[in-house]
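Whatever order the structure lists them in is the order used to number ligands and atoms, beginning at 1. These values consider heavy atoms only, across backbone and side chains, with no hydrogens, waters or symmetry-generated copies.
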Amino acid sequence: MKIDALTDEDEVAVVALWSEVGLTRPWNDAAADFRRALAGPTSTVFGATSENGIVGAVMVGHDGHRGWVYYLSVRTDEQHRGVGAALMAAAEEWLRARGCVKVQLMVRRDNDLARSFYDRMGYEVSDVTVHARWLEPRP
Ligand SMILES: CC(C)(COP(=O)(O)OP(=O)(O)OC[C@H]1O[C@@H](n2cnc3c(N)ncnc32)[C@H](O)[C@@H]1OP(=O)(O)O)[C@@H](O)C(=O)NCCC(=O)NCCS
């Protein structure tokens, strides 16, 4: 397995993966998120590739203050083999190289599995709430 930054050609496979593991939502355009992450200088998407194609992916970016991780996913039949941990290590290294000293992420409250995973990865639950407002009508 190898981990590389992905390219536009990987869009269909990655969006299918995000959908397969339940990360997509009707109000998020995952394909547009993928393209935007590749287009800008402050974000990218890493993919884990084996002889079975793309088996995992993660979006990473920074806002000038903190690093952020989104859409971490490993194909269901490839989970529990260290792919998720390897993708997180790649994302963290990318952020470190850009001067970020902290990385954070959001987990949906009902995603107990992911919470256990991040706990195992050394991520602490922050004493904050996330507040959001749509700037355009919700799709
Ligand atoms: C979360 C996810 C990316 C983990 O990927 P993975 O490749 O299975 O994880 P790894 O094999 O790298 O596991 C790393 C460590 O976390 C632990 N871990 C993995 N899944 C776990 C779980 N469900 N509960 C508890 N620990 C877990 C592993 O035991 C391992 O610990 P170890 O180092 O002591 O062996 C994967 O389950 C997934 O794609 N889930 C669906 C999408 C999702 O919810 N993503 C998160 C969005 S916020």
Side-chain angles (χ1 to χ4, degrees):
M1 186 200 58
K2 64 186 177 67
I3 294 187
D4 292 308
L6 296 177
T7 69
D8 292 339
E9 288 161 23
D10 301 308
E11 177 184 316
V12 172
V14 168
V15 172
L17 169 66
W18 289 343
S19 176
E20 178 200 309
V21 299
L23 293 185
T24 51
R25 291 294 182 274
W27 54 88
N28 290 334
D29 183 341
D33 289 346
F34 178 81
R35 288 194 294 273
R36 210 176 296 125
L38 292 197
T42 57
S43 53
T44 193
V45 181
F46 284 105
T49 309
S50 76
E51 63 279 4
N52 299 323
I54 293 176
V55 298
V58 65
M59 180 185 288
V60 57
H62 66 85
D63 55 21
H65 179 54
R66 297 289 189 232
W68 284 90
V69 164
Y70 296 94
Y71 284 113
L72 174 71
S73 50
V74 175
R75 230 169 66 179
T76 314
D77 57 350
E78 299 277 353
Q79 291 179 4
H80 303 289
R81 294 180 189 170
V83 179
L87 284 163
M88 287 303 292
E92 290 174 3
E93 193 48 46
W94 187 92
L95 290 168
R96 205 175 281 119
R98 283 155 185 80
C100 292
V101 297
K102 192 175 181 188
V103 54
Q104 49 202 33
L105 49 89
M106 292 180 281
V107 181
R108 293 187 179 109
R109 204 175 284 280
D110 62 357
N111 195 346
D112 294 334
L113 184 155
R115 288 177 6 174
S116 305
F117 169 81
Y118 288 122
D119 186 50
R120 187 74 196 85
M121 294 291 102
Y123 282 66
E124 294 167 354
V125 177
S126 298
D127 188 19
V128 297
T129 57
V130 177
H131 299 246
R133 192 164 93 88
W134 291 93
L135 298 178
E136 300 290 341
R138 184 173 172 157

| Which pair of non-hydrogen atoms, one from Ile54 and one from Leu17, has the smallest distance, and what is that distance? | CG2-CD2, 4.4 Å

| remark: Quick note on ligand 1: atoms under 4.0 Å from a heavy atom of Arg81 include exactly 11 (O)

| query | With backbone taken as N, CA, C and O and side chain as the heavy atoms from C-beta onward, which portion of Tyr71 lies under 4.0 Å from ligand 1: side chain, backbone, both, or neither? | reply | neither

| said: Give me the nearest non-hydrogen protein atom to atom 39 (O) of ligand 1 as residue plus atom name, then the distance to 0.1 Å. | reply: Val74 N, 2.8 Å

| note | Checking heavy-atom distances from atom 20 (N) of ligand 1 to each of His80, Arg108, Met106, the winner is His80

| said: Regarding ligand 1, does Asn111 bring an N or O atom to under 3.5 Å of one of the ligand's N or O atoms? | reply: yes

| With a 4.0 Å cut-off, would you call Arg75 and Asp77 a salt bridge? | yes

| field | Protein contact to atom 47 (C) of ligand 1 [nearest heavy atom, distance to 0.1 Å] | value | Leu23 CD2, 3.7 Å

| task | Mark whether atom 29 (O) of ligand 1 lies under 4.0 angstrom from at least one protein heavy atom. | result | no

| task | Can you sort out which atoms of ligand 1 are near Ser73, meaning under 4.0 Å from one of its heavy atoms? | result | 39 (O)

| message | To check you understand the geometry: which heavy-atom pair defines the closest contact between Ser73 and Val21, and what is its length? | response | CB-CG2, 3.5 Å

| request: Output yes when the distance from some N or O of ligand 1 to some N or O of Ala114 is under 3.5 Å, and no in every other case. | output: no

| query | Is it the side chain, the backbone, both or neither of Leu87 that has a heavy atom closer than 4.0 Å to ligand 1? | reply | neither

| If we only count N/O pairs under 3.5 Å, is Gly84 in contact with ligand 1? | yes

| field | Under 4.0 Å to a heavy atom of Met121 - the qualifying atoms of ligand 1, by number | value | 14 (C), 15 (C)

| query | Under 4.0 angstrom from atom 42 (C) of ligand 1, is there any protein heavy atom? | reply | yes

| Which atom of Gly47 lies closest to which atom of Leu6, heavy atoms considered | N-CG, 3.5 Å

| said: What I'd like to find out is whether the side chain of Tyr70 reaches to under 4.5 Å of the side chain of Asp33, using heavy atoms alone. | reply: no

| request: State, with a plain yes or no, whether a side-chain heavy atom of Tyr123 is found less than 4.5 Å away from one of Gln104. | output: no

| note | If you scan protein heavy atoms around atom 4 (C) of ligand 1, the nearest is Phe117 CD1, 3.5 Å

| message | I need the minimum non-hydrogen distance between Ala48 and Val83, along with the two atoms involved. | response | CB-CG1, 3.7 Å

| message | Please report whether ligand 1 has a polar contact with Arg120, defined as an N or O pair separated by less than 3.5 Å (distance criterion only). | response | yes

| Side-chain heavy atoms of Glu93 within contact of Phe46, under 4.5 Å | no

| Heavy-atom donor-acceptor pair, Asp29 side chain to Ala31 backbone, under 3.5 Å | yes

| task | Taking only heavy atoms of Gly82 into account, list the atoms of ligand 1 that are under 4.0 Å away from them. | result | 10 (P), 11 (O), 12 (O)

| Are any non-hydrogen protein atoms located under 4.0 Å from atom 9 (O) of ligand 1? | yes

| field | Backbone or side-chain N or O of Leu72 under 3.5 Å from ligand 1 N or O | value | yes

| said: Is there a side-chain contact between Asp10 and Phe34 in this structure, where contact means two heavy atoms from C-beta onward sitting under 4.5 Å apart? | reply: yes

| request: Report the relative orientation of the aromatic rings in His62 and Trp94; use parallel for angles under 30°, tilted for 30 to 60°, perpendicular for over 60°. | output: tilted

| message | With a sphere of 6.0 Å drawn around CZ of Arg25, does it hold more than 12 non-hydrogen atoms of other residues, nucleotides or ligands? | response | yes

| message | Considering non-hydrogen atoms of the protein only, which is the closest contact for atom 25 (C) of ligand 1, and what is the distance? | response | Ser116 CB, 3.4 Å

| query | Side chain, backbone, both or neither: which part of Gln79 has a heavy atom under 4.0 Å from ligand 1? | reply | both

| said: For a 4.5 angstrom cut-off between non-hydrogen side-chain atoms, does Asp119 reach Glu124? | reply: no

| said: Please list, in number order, the atoms of ligand 1 under 4.0 Å from a heavy atom of Ala85. | reply: 12 (O)

| task | Give the atoms of ligand 1, by number and element, whose distance to some non-hydrogen atom of Tyr118 is under 4.0 Å. | result | 46 (C), 48 (S)

| Val60 side chain near Thr44 side chain, heavy-atom distance below 4.5 Å | yes

| message | Does any N or O of ligand 1 fall below 3.5 Å from an N or O anywhere on Ala86, backbone included? | response | no

| Going by the order shown, which atoms of ligand 1 are within less than 4.0 Å of some heavy atom of Val83? | 7 (O), 12 (O)

| request: Would you mind reporting whether Asp63 and Thr42 have side-chain heavy atoms less than 4.5 Å apart? | output: no

| remark: atom 22 (C) of ligand 1 sits nearest the protein heavy atom Leu113 O, 4.0 Å

